[in-house]
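Below, read A as the first sequence line, B as the second, and so on, with proteins coming before strands; counting in each chain starts at 1.
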2 protein chains.
Amino acid sequence: MGNIKKDLDNIQVVSTSFECSMTADVALFGFNEGELKILLTKRSVGLKKNFWLLPGGIMEEEETLEQCATKVLLYLTGIKNVPMQQVKAYSKLKRHDVKRVVTVSFYALVQPKNHPIEQKVNVTETKWFNIKELPKKIGFDHKEIITDALKLLQYNLNHHMTFGQLLPETFTLNELQSLYEAVLNEQLDRRNFRKRISQLELLENTGIIKKGVKGGPFLYRILK
Amino acid sequence: MGNIKKDLDNIQVVSTSFECSMTADVALFGFNEGELKILLTKRSVGLKKNFWLLPGGIMEEEETLEQCATKVLLYLTGIKNVPMQQVKAYSKLKRHDVKRVVTVSFYALVQPKNHPIEQKVNVTETKWFNIKELPKKIGFDHKEIITDALKLLQYNLNHHMTFGQLLPETFTLNELQSLYEAVLNEQLDRRNFRKRISQLELLENTGIIKKGVKGGPFLYRILK
DNA sequence: TCAAAAGTGTTTTAATTACACCCATGC
DNA sequence: GCATGGGTGTAATTAAAACACTTTTGA
């Protein structure tokens with residue numbers, strides 16, 4: 001744990017305190033074709049060029065971690081206007097190869113089709129991966145970050161029906177159920193699911209029937 | 001959100017990246033006389049001399065945030081060998097008066113009687129406060145940190161019966177119940193509580209009866 | 001017209017809640 | 001011996017799980 005005398009002196013924040021680079025990493029989940037996806041990038045500069053990474057980048061002096069997360073997502077993928085949910089801080093000593101970097105992870109939820117990926121500077125490839133089929137070469141500790149983010153997403157969906165922008169503004173109950181099934185990775189009984197959702201009283205039936213799909217399902221929206 | 005061109009350049013971690021002081025703050029909970037307590041300190045140096053603060057201090061180059069949390073608790077209070085649970089990162093721009101400081105909070109659980117407070121350098125006063133009777137003048141954003149830590153403690157106790165060292169190694173079921181009641185801030189039915197606990201199958205009856213208390217209650221311990 | 005998906009209720013089972021008496025111990 | 005806390009079970013309620021047929025629509 002280092003030198004005790006020095007630590008004792010430095011426990012107060014003073015001008016000589018150790019400083020550390022901080023980054024925000026974003027686990028961006030998408031829902032598409034009944035599958036839960038996550039967006040990974042390959043960078044053209046810096047370390048880990050041959051590894052898939054979460055969008056992430058360093059925090060500047062005049063921004064919070066939340067703002068940083070929003071910024072890096074925009075700059076690396078062109079995606080914006082997505083609420084961020086903090087997950088966890090990671091501070092292992094050797095997690096970055098060159099220097100000490102502490103990262104704080106966030107997750108965010110979008111529909112991929114609403115956010116066509118913009119190829120950005122410093123990025124060679126950006127791709128949606130099925131959460132069940134992640135690539136082997138994931139850089140840094142981003143595999144662990146993805147796992148932790150998914151757990152929190154599962155918890156929040158299950159307990160508060162928070163699915164952000166994973167679905168369009170109006171959606172059928174079957175679309176909602178298949179989202180639950182993809183996120184929780186389990187099959188659900190249709191009637192029990194609908195009963196459970198309906199007694200939360202968070203949705204309203206728009207009265208509009210979705211066209212182009214057999215059965216003529218109603219579209220629902222989140223109750224304001 | 002600052003200068004876009006500069007941010008684009010700096011999204012990679014490079015030698016010129018912004019660096020920031022980081023601290024770990026510890027919400028140390030104690031259980032005593034049927035009440036949930038939290039330990040706050042007044043510092044003799046630095047800012048917020050007239051404010052109560054959580055034990056906390058800056059992270060050094062060669063330690064993780066978890067190690068830092070362990071260290072600051074030891075140096076400010078003499079308390080050691082307590083597992084830490086990460087709660088959340090706080091990164092508001094003006095949260096520290098002098099310079100940019102990002103903190104990550106942890107909670108830990110002890111019995112105050114096992115950890116007599118050692119008056120440490122840089123500390124003028126250290127005191128256990130009933131969680132329901134916190135002082136008005138709490139510095140920085142530590143009030144918010146306490147609230148968030150308590151919520152996580154409540155969740156973890158309720159869902160996983162994780163009460164750390166809040167109780168001695170052996171304890172009666174009534175002691176356990178009154179811990180639950182203090183943490184969750186609600187009354188529980190004795191028979192329903194015991195049924196619920198017993199079907200978790202996490203405790204074992206030592207067969208030993210606790211002396212000095214009427215009724216002759218059995219002592220239990222956590223099953224290994 | 002037929003294949004595919006939507007919509008809907010009831011029964012069974014499990015979990016939670018409410019509730020009262022006798023026993024053991026310390027004072 | 002009596003006041004205090006310890007220990008225990010059952011009935012009632014509520015929540016969760018299992019389960020099948022009819023209707024609607026697109027192809």
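Looking at heavy-atom distances under 4.0 Å, Arg196(B) makes no contact with the nucleic acid at all.
With rounding to whole Å, Phe193(A) atom CZ is found 13 Å from dA17(D) atom P. Distance Glu181(A) CD to dA5(C) P: 13 Å, rounded to the nearest Å. Straight-line distance from the CD atom of Gln177(A) to the C1' atom of dG7(C): 12 Å, rounded to whole Å. Rounded to an integer number of Å, the gap from Asn205(B) CG to dT8(D) C1' is 14 Å. Rounded to whole Å, the distance from CG on Asn174(A) to P on dT8(C) is 12 Å. Summarising the geometry, the separation between CD on Gln199(A) and P on dA17(D) is reported as 12 Å, rounded to the nearest angstrom. Arg194(A) places its CZ atom 16 Å from the C1' atom of dC19(D), with the value rounded to the nearest Å. Distance Leu173(B) CG to dA24(C) C1': 16 Å, rounded to the nearest Å.
The side chain of Ile209(B) sits closest to dT25(C) out of dT10(C), dT25(C), dA18(C). Considering only the side chain of Asp189(A), dC19(D) comes nearest among dA20(C), dC19(D), dA18(C). Comparing atom distances between the Arg190(A) side chain and each of dT25(D), dG7(C), dG6(D) picks out dG7(C) as nearest.
Taking 3.5 Å as the limit, the base of dA20(D) and the side chain of Arg191(A) contain a donor-acceptor pair of atoms between them.
With Phe140(A) as the aromatic partner, Lys48(A) meets the cation-pi criteria of under 6.0 angstrom to the ring centre and within 45 degrees of the ring axis.
In the model, Asn122(A) has no side-chain atom that pairs as donor or acceptor with a side-chain atom of Tyr75(A) under 3.5 Å. Using a 3.5 Å distance cut-off with no hydrogens or angles, the side chains of Asn50(A) and Lys42(A) do not pair a donor with an acceptor.
Atoms OH and CG, on Tyr180(B) and Leu188(B) in that order, are 9.5 Å from each other to the nearest 0.5 Å.
In summary, Lys210(B) and Glu175(B) engage in a salt bridge, as defined by a charged side-chain N under 4.0 Å from a carboxylate O.
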Review point. Going through the checks in order, is the side-chain hydrogen bond (donor to acceptor under 3.5 Å, both in side chains) test met by Arg196(B) and Ser198(B)?
Key: CA-CA 6 Å; Arg196(B) 175 183 154 197; Ser198(B) 89; over 6 Å; no

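Within residues 210-218 of chain B, the residues that have a heavy atom under 4.0 Å from DNA chain C are, in order of number, Gly212(B), Val213(B), Lys214(B), Gly215(B), Gly216(B).
Asn192(B) has no side-chain polar atom (N or O) that falls below the 4.0 Å cut-off from OP1 or OP2 of dT16(C).
Closest non-hydrogen pair, Leu54(B) versus His142(B), comes out as N-ND1, 3.0 Å.
Where Leu219(B) and Lys195(A) each meet DNA chain D at their nearest nucleotide, the meeting point lying more 5' is that of Leu219(B).
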